[in-house]
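Quick notes on the structure that follows.
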Amino acid sequence: MPVRIPDNLPAASILESENIFVMSETRAANQDIRPMRVLILNLMPNKIETETQLLRLLGNTPLQVGVDLLRIHDKESKHTSVDHMNTFYRDFEDIRHNNYDGLIITGAPLGKIDFKDVEYWDHIREIIDWSQQHVTSVLFLCWAAHAGFYHLYDLHRQLLTNKRTGVFNHRRTSDPHPLLRGFDDEFFAPHSRFAEMDIEQVRQHPDLEVLAESDEAGAYIVLSRDNHNVFVMGHPEYQKDTLNEEYVRDVGQGLNPDIPKNYYRQDDPNQDPIVRWHSHGSLLVSNWLNYYVYQLTPYDLSDMNAKTPWENKK
């Protein structure tokens, strides 16, 4: 089944060229199917690139998914046109009374800034609080995962001396689990961040369960025990050249960055990157949509009330 996107969204032509089934809102309106409604809060600077990456993952599922794009503020973006933002993105006030099957909150280039010093931190907290009553399942990615840990569970990240960048080996830490269904015992995933969580503090929290971890990169996938919040400390949505583009950008800015580990052939930036995380990244999002969104959400989203669907699945 397709991912349903707004008419004329730039990602459509890219995804169609990759044989990923996307459908315009106009065409989808003629089908008698109740699609999953997924909201994406896009905090990344290059909105179009991140949209495409996430829609690529959402499109690899038998479920029809309708997507709304949310912006954190209406200030002009340095990397995305005003026309694009005004055409395809919605403000929180426009959707605050809606319910959604799923919410994805992306990473953000705010790794070294204290949460309370982030210009729109109060707005982030408001949306996270709203999501706990208006969304069946929330997927937090990278910076957003750390923000969610801090706001919801009072867990504090630790800043790193050097950026954690590269493609790292991970292992499952639990018995067969729906979110990891089909995963190999060990698998790769990309990371790009300036902080990480103390994995022991996460393990000891009574409301959280670590499902996958790395010796080098720490906790990777963490699930709240009420099945509502999924935290992914890396970037399963990244494409082949994303880490390279970040590395080249940082070199150009004179930041003397570390070479992303286990990414280039022979760890040589002059050689091509090796992609070995796409299959597990796609599987992770498919499992999330199936087992933590589709299987738990009510058919009529207006039925989402004080007795939330995931509470019935404990």
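Keep in mind that this is a model prediction, so the values were computed, not measured.
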**Study point:** Derivation of the side-chain contact (heavy atoms from CB on, under 4.5 Å) call for Gln53 and Tyr238
**Key:** CA-CA 7 Å; Gln53 291 174 348; Tyr238 270 15; 4.1 Å; yes

Review point. So is Arg157 actually on top of Phe115's ring, under 6.0 Å and inside 45° of the axis?
Key: yes

Which atom pairs, donor and acceptor, lie under 3.5 Å between side-chain atoms of residues 214-221 and protein residues at least two apart or in another chain?
unit_1 : atom_1 : unit_2 : atom_2 : d
Ser214 : OG     : Asn169 : O      : 3.0
Ser214 : OG     : Glu216 : N      : 3.2
Ser214 : OG     : Ala217 : N      : 3.1
Asp215 : OD1    : Arg171 : NH1    : 2.9
Asp215 : OD1    : Arg171 : NH2    : 2.9
Asp215 : OD2    : Arg171 : NH1    : 3.4

Review point. Which pair of non-hydrogen atoms, one from Pro273 and one from Lys240, has the smallest distance, and what is that distance?
Key: O-CE, 3.5 Å

Review point. Where is the tightest heavy-atom contact between Pro35 and Gly66, given as atom of each residue plus distance?
Key: CB-N, 4.0 Å

Review point. Is Arg203 close to Glu213 at the side-chain level, that is, under 4.5 Å between some pair of heavy atoms?
Key: yes

Exercise for review: State the CG-CD1 distance between Leu54 and Ile40, to the nearest 0.5 angstrom.
Suggested key: 5.0 Å

Exercise for review: Classify the angle between the aromatic ring planes of Phe168 and His191 as parallel (below 30°), tilted (30 to 60°) or perpendicular (above 60°).
Suggested key: perpendicular

Point to revise | Straight-line distance of Leu110 CG to Ile113 CD1, nearest 0.5 Å | key: 5.0 Å

**Study point:** Ser224 side-chain N/O to Leu208 backbone N/O, donor-acceptor pair under 3.5 Å
**Key:** no

Review point. Hey, is CD on Gln266 packed in by over 12 heavy atoms from elsewhere, all under 6.0 Å?
Key: no

**Study point:** Verdict with supporting geometry, Leu155 and Val202, side-chain contact (heavy atoms from CB on, under 4.5 Å)
**Key:** CA-CA 8 Å; Leu155 291 175; Val202 178; 4.3 Å; yes

**Study point:** Flag, side chain of Thr242 to backbone of Gln239, donor-acceptor distance under 3.5 Å
**Key:** yes

Point to revise | Inter-residue atom distance Arg265.CZ - Asn262.CG, 0.5 Å rounding | key: 13.5 Å

Check your understanding: Just wondering, are more than 12 heavy atoms of other shown residues or ligands nearer than 6.0 Å to CG in Asn256?
Key -> no

Check your understanding: Step by step, would you call Leu255 with Arg249 a side-chain contact (heavy atoms from CB on, under 4.5 Å)?
Key -> CA-CA 9 Å; Leu255 300 178; Arg249 177 201 63 202; over 6 Å; no

Practice item. Output yes when a side-chain donor or acceptor of Thr80 lies under 3.5 Å from a complementary backbone atom of Lys47, and no otherwise. Key: yes

Practice item. Indicate whether the side chain of Glu246 and that of Ser192 have a donor and an acceptor atom separated by less than 3.5 Å. Key: yes

Exercise for review: May I ask you to establish whether Arg172 and Phe183 are in a cation-pi arrangement, using a distance under 6.0 Å from NZ or CZ to the six-membered ring centre and at most 45° from the ring axis?
Suggested key: no

Exercise for review: Determine yes or no for a side-chain-to-main-chain donor-acceptor pair under 3.5 angstrom, with Thr165 supplying the side chain and Leu243 the backbone.
Suggested key: no

Review point. Any donor-acceptor pair under 3.5 Å linking the side chain of Ser131 with the backbone of Ile128?
Key: yes

Point to revise | Under 3.5 Å donor-acceptor, Arg90 side chain and Ile95 backbone | key: no

Point to revise | Leu43 backbone acceptor or donor facing Thr106 side chain under 3.5 Å | key: yes

Exercise for review: Hey, could you give me the OH/CG distance between Tyr264 and Asp272, rounded to the nearest 0.5 Å?
Suggested key: 10.0 Å

Practice item. Measure the shortest side-chain to side-chain distance between Arg96 and Glu126 over non-hydrogen atoms and say whether it is less than 4.5 angstrom. Key: yes

Check your understanding: Just wondering, do Arg71 and Asn86 contact through their side chains at under 4.5 Å, heavy atoms?
Key -> yes

Review point. Within a reach of under 6.0 Å around CD of Gln271, are more than 12 heavy atoms found that belong to other residues, nucleotides or ligands?
Key: yes

Review point. How are the rings of His177 and Tyr292 set relative to one another: parallel (under 30°), tilted (30 to 60°) or perpendicular (over 60°)?
Key: parallel

Practice item. In plain terms, say whether Asp68 and Arg37 are close enough for a salt bridge, that is, a side-chain N and a carboxylate O under 4.0 Å apart. Key: yes

Review point. Is the shortest side-chain N to carboxylate O distance from Lys261 to Asp267 below 4.0 Å?
Key: no

Review point. Do His156 and Tyr150 pass the ring-ring contact (aromatic ring centres under 6.0 Å, His included) test, and can you show the C-alpha distance, the side-chain angles, and the key distance before you say yes or no?
Key: CA-CA 6 Å; His156 296 248; Tyr150 176 67; 5.0 Å; yes

Review point. Under 3.5 Å, is there a donor-acceptor pair between the side chain of His123 and the main chain of Ile72?
Key: yes

Point to revise | Which atom of Pro109 lies closest to which atom of Pro45, heavy atoms considered | key: CG-CG, 3.6 Å

Practice item. Would you check, one step at a time, whether the test side-chain contact (heavy atoms from CB on, under 4.5 Å) holds for Asp101 with Val65? Key: CA-CA 10 Å; Asp101 301 295; Val65 181; over 6 Å; no

Exercise for review: Keeping the roles fixed (side chain from Arg193, backbone from Cys142), state whether a donor-acceptor pair exists under 3.5 Å.
Suggested key: no

Check your understanding: Does Phe188 belong to the same Ile/Leu/Val/Met/Phe/Trp/Tyr cluster as Tyr247, with side-chain heavy atoms less than 4.5 Å apart forming each link?
Key -> yes

Practice item. Measure the spacing between NE2 of His205 and CZ of Arg225 and express it to the nearest 0.5 Å. Key: 10.5 Å

Practice item. Would you mind reporting whether Phe140 and Leu152 have side-chain heavy atoms less than 4.5 Å apart? Key: yes

Practice item. Determine, using the 4.5 Å side-chain heavy-atom cutoff (strictly less than), whether Leu141 and Trp277 are members of one ILVMFWY cluster. Key: no

Point to revise | Which atom of Trp130 lies closest to which atom of Asn98, heavy atoms considered | key: CZ2-O, 3.4 Å

Practice item. Only counting residues at least two apart or in another chain, list the ones meeting ring pair (Phe, Tyr, Trp, His ring centres under 6.0 Å) with Tyr263. Key: none

Check your understanding: With distance as the sole test, does Asp300 use its side chain to make a donor-acceptor pair with the main-chain N or O of Ser302 at under 3.5 Å?
Key -> yes

Exercise for review: Looking only at non-hydrogen atoms, find the nearest pair between Leu180 and Asn287 and report the distance.
Suggested key: C-ND2, 3.8 Å

Check your understanding: Is the closest side-chain heavy-atom distance between His146 and Phe194 below 4.5 Å?
Key -> no

Check your understanding: Does a side-chain heavy-atom distance below 4.5 Å link Asp184 with His280?
Key -> yes

Study note, to complete from the structure: The reported gap from CG in Leu57 to NE2 in His278 (rounded to nearest 0.5 angstrom) is 8.5 Å

Practice item. Give the minimum heavy-atom separation between Val230 and Leu223, together with the two atoms involved. Key: CG2-CD1, 3.6 Å

Check your understanding: Do Glu51 and Ile48 touch side chain to side chain, with heavy atoms closer than 4.5 Å?
Key -> yes

Review point. Does a side-chain heavy-atom distance below 4.5 Å link Ser137 with Asn227?
Key: no

Practice item. Kindly check if the number of other-residue, nucleotide or ligand heavy atoms within 6.0 Å of OH (Tyr153) is above 12? Key: yes

